[in-house]
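Below: one structure, written as structure tokens.
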Amino acid sequence: MSADTIAHNRKRFDFSGVDSIWLFGYGSLIYKVDFPFLEKRPATIHGWQRRFWQGSHDHRGTPEAPGRVVTLIENPDARCKGMAYRVSPKVFEHLDVREKNGYLRFTTKMTFDDGSHAEGLVYIATEDNEAFLGHAPEADIARQIAGANGPSGPNSEYLLRLAESLRTLGDACPHTFAIETHLRSATESDT
Ligand code: SIN
């Protein structure tokens with residue numbers, strides 16, 4: 001599948017008659033909220049794990065030197081905490097452009113902190129998209145992130161802001177924190 005998913009996403013979900021819908025964010029959508037929302041609540045999804053396995057050619061890297069950003073990978077034993085936003089369907093006109101480098105919208109069941117559930121939409125970059133990079137050792141991922149920069153800023157900023165947000169949310173994501181540790185020690189040994 002082509003990495004540009006705008007047209008795919010526009011065909012995926014019929015918003016007619018829908019006033020508001022939940023969106024689940026697990027990456028930059030947790031901390032970079034450049035869209036209006038009606039309500040915001042921490043939520044968890046089950047059966048998915050966060051991984052820095054998606055290439056970023058448009059935000060945190062370039063086509064020549066892609067960065068790495070997160071996607072979700074299926075794992076029946078995993079859970080992923082993030083932030084849910086109740087939004088107007090209009091918001092997806094903006095978000096489909098922001099998330100165009102390989103992400104498709106899927107529906108998912110979300111569990112809020114009080115145990116109640118709702119259905120929401122989540123952007124996932126599946127492994128058949130052209131920008132998918134896949135598994136690499138966490139130290140190598142940290143090195144790639146340390147060297148990548150794109151129109152939205154340094155890839156390291158994406159990682160560090162996400163790690164900080166996950167601490168605030170109480171999501172102990174060993175993968176994100178391991179890459180953060182590698183990045184910080186590489187930066188310290190450079191100084
Ligand atoms: C998300 O945050 O939910 C999707 C991935 C990203 O934009 O970082």
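Everything numeric here is computed off the predicted structure, so don't read it as measured data. Below, each value reflects all heavy atoms present in this structure, side chains not excepted, and no hydrogens, waters or symmetry copies. Just so you know, ligand 1 is whichever comes first in the structure, and atom 1 is the first atom listed for that ligand.
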Q. Numbering the atoms of ligand 1 from 1, which are under 4.0 Å from a heavy atom of Glu99?
A. 4 (C), 5 (C), 6 (C), 7 (O)
Q: Could you list the atoms of ligand 1 found under 4.0 angstrom from a heavy atom of Gly27?
A: 1 (C), 2 (O), 3 (O), 8 (O)
Backbone or side chain, does any N or O of [X] fall under 3.5 Å from an N or O of ligand 1?
X: Tyr158; result: yes
X: Ser28; result: yes
X: Gly25; result: no

Q: Return the orientation label for the Tyr26 and Phe24 ring planes: parallel under 30°, perpendicular over 60°, tilted otherwise.
A: parallel
Q: Show your working on side-chain hydrogen bond (donor to acceptor under 3.5 Å, both in side chains) between Arg98 and Ser28 and close with a plain yes or no.
A: CA-CA 11 Å; Arg98 169 171 159 179; Ser28 68; 2.9 Å; yes
Q) What part of Arg98 sits under 4.0 Å from ligand 1 if we count only heavy atoms: the side chain, the backbone, both or neither? A) neither
Q.
Looking only at the side chains, is there a donor atom on one of Asp96 and Tyr103 sitting less than 3.5 Å from an acceptor on the other?
A. no
Q) Honestly, is Arg12 close enough over Phe106, meaning NZ or CZ under 6.0 Å from the six-membered ring centre and within 45° of the axis? A) yes
**Q.** atom 3 (O) of ligand 1: nearest protein contact (heavy atom, Å)
**A.** Tyr26 N, 3.0 Å
Q: Test side-chain hydrogen bond (donor to acceptor under 3.5 Å, both in side chains) on Asn129 and Gln54 and set out the steps.
A: CA-CA 9 Å; Asn129 85 86; Gln54 175 66 4; 3.0 Å; yes
(Q) Is it true that, when you exclude Asp34 itself, more than 12 heavy atoms of the residues, nucleotides or ligands shown sit nearer than 6.0 Å to its CG? (A) yes
